[in-house]
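Since the structure comes first, as structure tokens, the remarks are kept for the end.
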Amino acid sequence: MSRRYAGTHTLPANPTWIEFPRSDGDASILPKNTKQIIDGDGQVNFMRPVPLDEALAIGWRVSVGAQLAIRMGLPEGPSYVLKTFPEGYQLYDHNKGPVKAPRHDPYLCGSVHVNRFRSTNEFIPHALWLMQDSTMNRANCACKYCAKVPQRVISDNMGLSGMSARRSASVAGALPPSIKAQRIRREPRQPRAPPKPYAAVRRAPKPARTLVGPDQYILPEKDLDIRAALYSAEDHRPRWFRKGEVVWCLLEPPIRGQRPEEDIHLWPGLVDDVHIKTQAVTSPDDSMQEDGDADMEHLYREAADDGSGAEDSSRDHSAAGPSTSTTPPLEAQAKLPWKVQQWYVYKIKLLGTSQYAFVTDEQVLPYLAYAPSDHILERAREELGEFLQTVPIDQMDRDLDLMSTFDPLEPEPQDEEPGSYYAKYQRAVAPFTLAIQIASSLAQYWLPTDEWECKFVIPPAGSTAPGPSGPSSSHATPPPSQPPPTQPPPPQEANSLHALITQSLSQNANPPPGTARSAMDPPESISSHGRLPRSSTSAQTVIQTRFQGLWWGTERIWTDELVRLKIARCQFAPKGTDVIYPPAGPSHSTLESMKDNPEAAHADPQRLGSSEKGLFMRLEGLFLVDVPNPDGPGMIKECRASGMVYELVDDDWEEVVEANKPNGTSKGKEKAVDAPNGNSATHANGGVTFMSQPSPLKPAPLPNPDPTVPIHETAAAVLSQTSPEAEAAAKSAKNARDLSAQLSHPVLSTPYPLPPATKGFKFRPILPPDHEVVVSLSLVSGRYYPGLFHHPLMAPTVAHALSLSTDDGGLYQHRHLWAMEGLLPGIHQSMEPRQWRKSRMVMLQEADKEARDRFRDRWEETKMARLHPPRAEEEQEQQPPVGTSNGDMAMEVD
């Protein structure tokens, strides 16, 4: 298909020219077939040079110039146009085909690195590199030919797919007046109350049976991120942080202020890349030589001694001297004098600057795990005001981004003058304030990513499943902050919780081809508690669009991993229901340890259990549903999450359940004790059964793989026949991959296990098997970082929080810390994204622009005050009372 430009292009009135300061072009490599030659078949194939004033060239110059102006931060308003193409470049119209109607394709040629650019979108990243990179290092170019990345990915990341929809004044001014769109003025919206979050329990949907393998695949980045976060070994910390996340990066040495509490130790940054560093470390013994090499002589000596023992003992070895061997041993019993260590190294882009830092796991913290102290923020505001009062006005107007050249990792000045180190702090406050604002703005955005089609079966409306033992109820108790529905309740037997949840499964699901739906059936909503479920006596197969991942503020979240919820356990069915277990109480050891504590001895035992702790969800589904529009008629989309919910219980907690007899009656009690493998072994009357597993002295032989088992389930199927632990793990693995099995996983891989809970606790599901909770995405707090309190950068903060007295606020003073591990509800430390954006690149661009616009507004106010100082009379009238400060207005930092 021809990529011919439609219509005509003309230069805008009063264009502002953009010229290339450098070029990678070479006129000697331009195409030579520029003359029209008609062959014997009446065909042509030549490259016609396009003059700069031709419509095709003008279209390229206008489009590329407008995009360069946006990405270079040029002032809005003028119409930016390329004055010429880079030196050595030439635009061609490729004519190919019949001489009377040839095909026309525009090509920009001349680069020594790229054969030809086929469109403006292909050339824009390369042109931006020529404008900004004085080193001409091709590794810094982001075009498809230099970066080896598909053009579709580049266009999405740079927002080139919808250039015509941009609202930038630079782009609008670059278009001819005849095609400018008239902006429609909208009436301001009336403020409305925020919608109430949604939460419900339903039976987990079952995947539709299929005889073919999955044609959709799990994202490799997702699989790698989750497995790396779960892997932990000696001297090897799991990889918590992912590309695109905002984290806190340690500065060594810190940027020192006037007082120690004002020092800047951590700087917000963006994870740009991560790789594994491997190093062989010598063991602390005497096997090392002076040159640093390992002494291997003892290994050869041992091999020689073993060989001599096998020879005839009658041989006289004394005449031949000591036995030696020149062949290294294949197997040696001696310990190697070294060990291999591996760790992760992160490439962090420090926000507000153009600098990168390379740090390890011990030098990075999650964004929610730290916040600058009030001392740092107050000092930064004061120094920022002084900076704007002293910087030359023409210099600040000329380059508002001058703080981007600051390097937070540069060494301190070595002047002998006292306080010389503070000069670095004064230069750091502007980019540091900007970096904090960029991170704060980025935390307001969210986006579900990597969609896929999930096919599952809605069970018949009449099917039921036994619920947990305990008080029965027909409705899940809503959180205290959520009022009950206002509609009159329908008959009890038709409006059970299971019936309502069964109804919700069909929401936003499209029947597969061939399934007809009656025109008389009204649309159903997952939020419509008052409607009756569809009276279907047979299961229904539906298709639903789901997502594999989520950008949630500064964090990258994947499905199949554990996340924190905002609500407390006591807010989610505090008494239990027919499908929700009641909150777990404290363990016996906890009650015993509290007897000597007067305050805890008179407290409600439930408060010592999981009731006031946070909740966790294994995020098994992300999908969209249709909900009523709060601003008017019609429906709107809402993103929801589903999965099993867990609470924190003491690690030695035991659950008491009723023993079920074959005839259905129940007498007495049994204890369900968590076995080491994470499963429950039931012992009558609390006794422990002898030899509950096969004897380890007589292991069963490894069976042959079952040919009917899919290849990706072979490992789990074989192991499940050899040990109870593997069998239990295989059962839980089967449940964990009920729906995600429709995505192709790595061969012989097993589902992701739960991460370890906080020390002294374990996770307990609050729902029976084959059930899940569906909640609004606004109830998700963020990621869970197991072992966060043991991070080297967190240890001082945790120790200080534990040492606070009751007069200073006690443990509750640092409730944001305990919420990160689920010891308190996630609402005390959570992400609060409010605005959807179409890509992570757009989020980063808008967050950076918003922060710089606020800095520019602050500078304009200060500049006007400096250019037009108040007269003496006005200054006396505006003089503040004694004891107040007349400092500059500080830029607000969220």
Side-chain angles (χ1 to χ4, degrees), residues 139-140 221 224-225 227-257 263-281 340-373 376 403-412 424-425 427-428 431-436 438-440 442-443 553-556 782-783 785-798 820 840 844 847-848:
N140 298 328
E221 181 185 2
L224 184 61
D225 283 347
R227 295 191 185 279
L230 293 173
Y231 176 75
S232 179
E234 183 181 1
D235 299 331
H236 185 86
R237 186 179 297 275
R239 176 168 69 84
W240 283 346
F241 310 107
R242 298 157 183 178
K243 292 182 182 180
E245 289 190 324
V246 176
V247 296
W248 290 97
C249 178
L250 179 67
L251 302 180
E252 293 182 334
I255 303 176
R256 292 192 292 161
D263 294 351
I264 301 177
H265 291 270
L266 296 169
W267 195 285
L270 189 75
V271 179
D272 183 75
D273 196 9
V274 57
H275 64 275
I276 296 179
K277 180 72 173 179
T278 304
Q279 182 178 3
V281 181
V340 177
Q341 289 185 349
Q342 290 183 325
W343 62 92
Y344 291 103
V345 175
Y346 299 91
K347 181 182 178 183
I348 306 294
K349 170 67 167 62
L350 300 179
L351 297 180
T353 73
S354 58
Q355 309 300 324
Y356 288 87
F358 293 87
V359 292
T360 63
D361 290 278
E362 288 76 12
Q363 298 170 300
V364 186
L365 276 180
Y367 179 74
L368 289 180
Y370 171 80
S373 65
I376 296 177
M403 73 284 295
S404 63
T405 60
F406 174 75
D407 184 5
L409 301 176
E410 69 181 14
E412 290 182 351
K424 180 180 178 182
Y425 194 95
R427 292 188 297 112
F432 181 66
T433 305
L434 182 65
I436 293 177
I438 293 175
S440 177
L442 192 60
T554 63
E555 297 181 340
R556 180 51 149 156
R783 290 182 55 193
Y785 301 90
L788 177 64
F789 292 166
H790 300 283
H791 192 283
L793 298 180
M794 290 294 296
T797 304
V798 174
M820 292 291 293
R840 189 61 168 177
L844 296 172
D848 184 82

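The closest side-chain heavy-atom distance from Glu555 to Leu368 is below 4.5 Å. Residues Ile436 and Pro372 are in side-chain contact: their nearest non-hydrogen atoms beyond the backbone lie under 4.5 Å apart. Contact check for Phe241 versus Ile348: no side-chain heavy atoms found under the 4.5 Å cut-off. Here the side chains of Ile276 and Val345 are not in contact, with every heavy-atom distance at 4.5 Å or above. Proximity of Tyr344 to Thr360: side-chain heavy atoms (C-beta onward) are nowhere separated by under 4.5 Å.
Shown here are the salt bridge (charged side-chain N to carboxylate O under 4.0 Å, His left out) partners of Asp225, two or more places apart in sequence or in another chain: Arg239. Listed by chain and residue number, Arg237, Glu362 satisfy the side-chain contact (heavy atoms from CB on, under 4.5 Å) test with Pro792 (two or more places apart in sequence, or in another chain). For Ala435, the side-chain contact (heavy atoms from CB on, under 4.5 Å) partners at least two apart in sequence or on another chain are Trp267, Pro268, Leu351. For Asp848, the salt bridge (charged side-chain N to carboxylate O under 4.0 Å, His left out) partners at least two apart in sequence or on another chain are Arg852.
Between the side chain of Asp263 and the backbone N or O of His265 there is no donor-acceptor pair closer than 3.5 Å. Side-chain N or O atoms of Asp272 include none that pairs as donor or acceptor with a backbone N or O of Lys349 at under 3.5 Å.
One distance of note links CG of Leu434 with OG1 of Thr353; it measures 9.5 Å at 0.5 Å rounding. Here the CZ-NZ distance, from Phe358 to Lys277, works out to 11.5 Å after rounding to the nearest 0.5 Å. Taken to the nearest 0.5 Å, the CG atom of Leu365 stands 7.0 Å off from the CG atom of Leu788. In this structure, the separation between OH on Tyr356 and CG on Leu270 is 8.5 Å, given to the nearest 0.5 Å. Atom-to-atom distance recorded for Thr554:OG1 and Leu442:CG is 7.0 Å, nearest 0.5 angstrom.
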(message) Go through it in stages, so that I can follow the logic: the residues are Gln341 and Thr278, the test is side-chain contact (heavy atoms from CB on, under 4.5 Å), and I'd like the CA-CA distance, side-chain angles, deciding distance and then a yes or no.
(response) CA-CA 6 Å; Gln341 289 185 349; Thr278 304; over 6 Å; no
(request) Report the C-alpha distance between Lys424 and Glu410 in whole Å, list the side-chain angles of each, state the deciding distance to 0.1 Å, and finish with yes or no for salt bridge (Lys or Arg N to Asp or Glu O under 4.0 Å). (result) CA-CA 9 Å; Lys424 180 180 178 182; Glu410 69 181 14; 5.4 Å; no
(message) If you apply the rule side-chain hydrogen bond (donor to acceptor under 3.5 Å, both in side chains), what do you find for Gln363 with Glu252, and how did you get there?
(response) CA-CA 9 Å; Gln363 298 170 300; Glu252 293 182 334; 3.1 Å; yes
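Nearest heavy-atom pair across Met820 and Tyr785 is CE-CD1, 4.0 Å. Nearest heavy-atom pair, Phe406 versus Ala428, reported as atom, atom and distance to 0.1 Å: CZ-CB, 3.4 Å. Of all the heavy atoms in Ile376 and Tyr425, the pair that sits closest is O-OH, 4.2 Å.
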Ignoring hydrogens and angles, write down the donor-acceptor pairs under 3.5 Å from the side chains of residues 242-251, residues two or more places apart or on other chains.
from, atom 1, to, atom 2, distance (Å)
Arg242, NH1, Arg556, O, 2.9
Arg242, NH1, Glu561, OE1, 3.4
Arg242, NH1, Glu561, OE2, 3.0
Arg242, NH2, Glu561, OE1, 2.9
Lys243, NZ, Asp273, OD1, 3.4
Glu245, OE1, Arg242, N, 3.0
Glu245, OE1, Arg783, NH1, 3.2
Glu245, OE2, Arg556, N, 2.8
Glu245, OE2, Arg783, NH1, 2.9
Trp248, NE1, Tyr367, O, 3.1
Trp248, NE1, Tyr370, O, 3.2

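Among residues at least two apart or in separate chains, there is no salt bridge (charged side-chain N to carboxylate O under 4.0 Å, His left out) pair with a member in residues 351-361.
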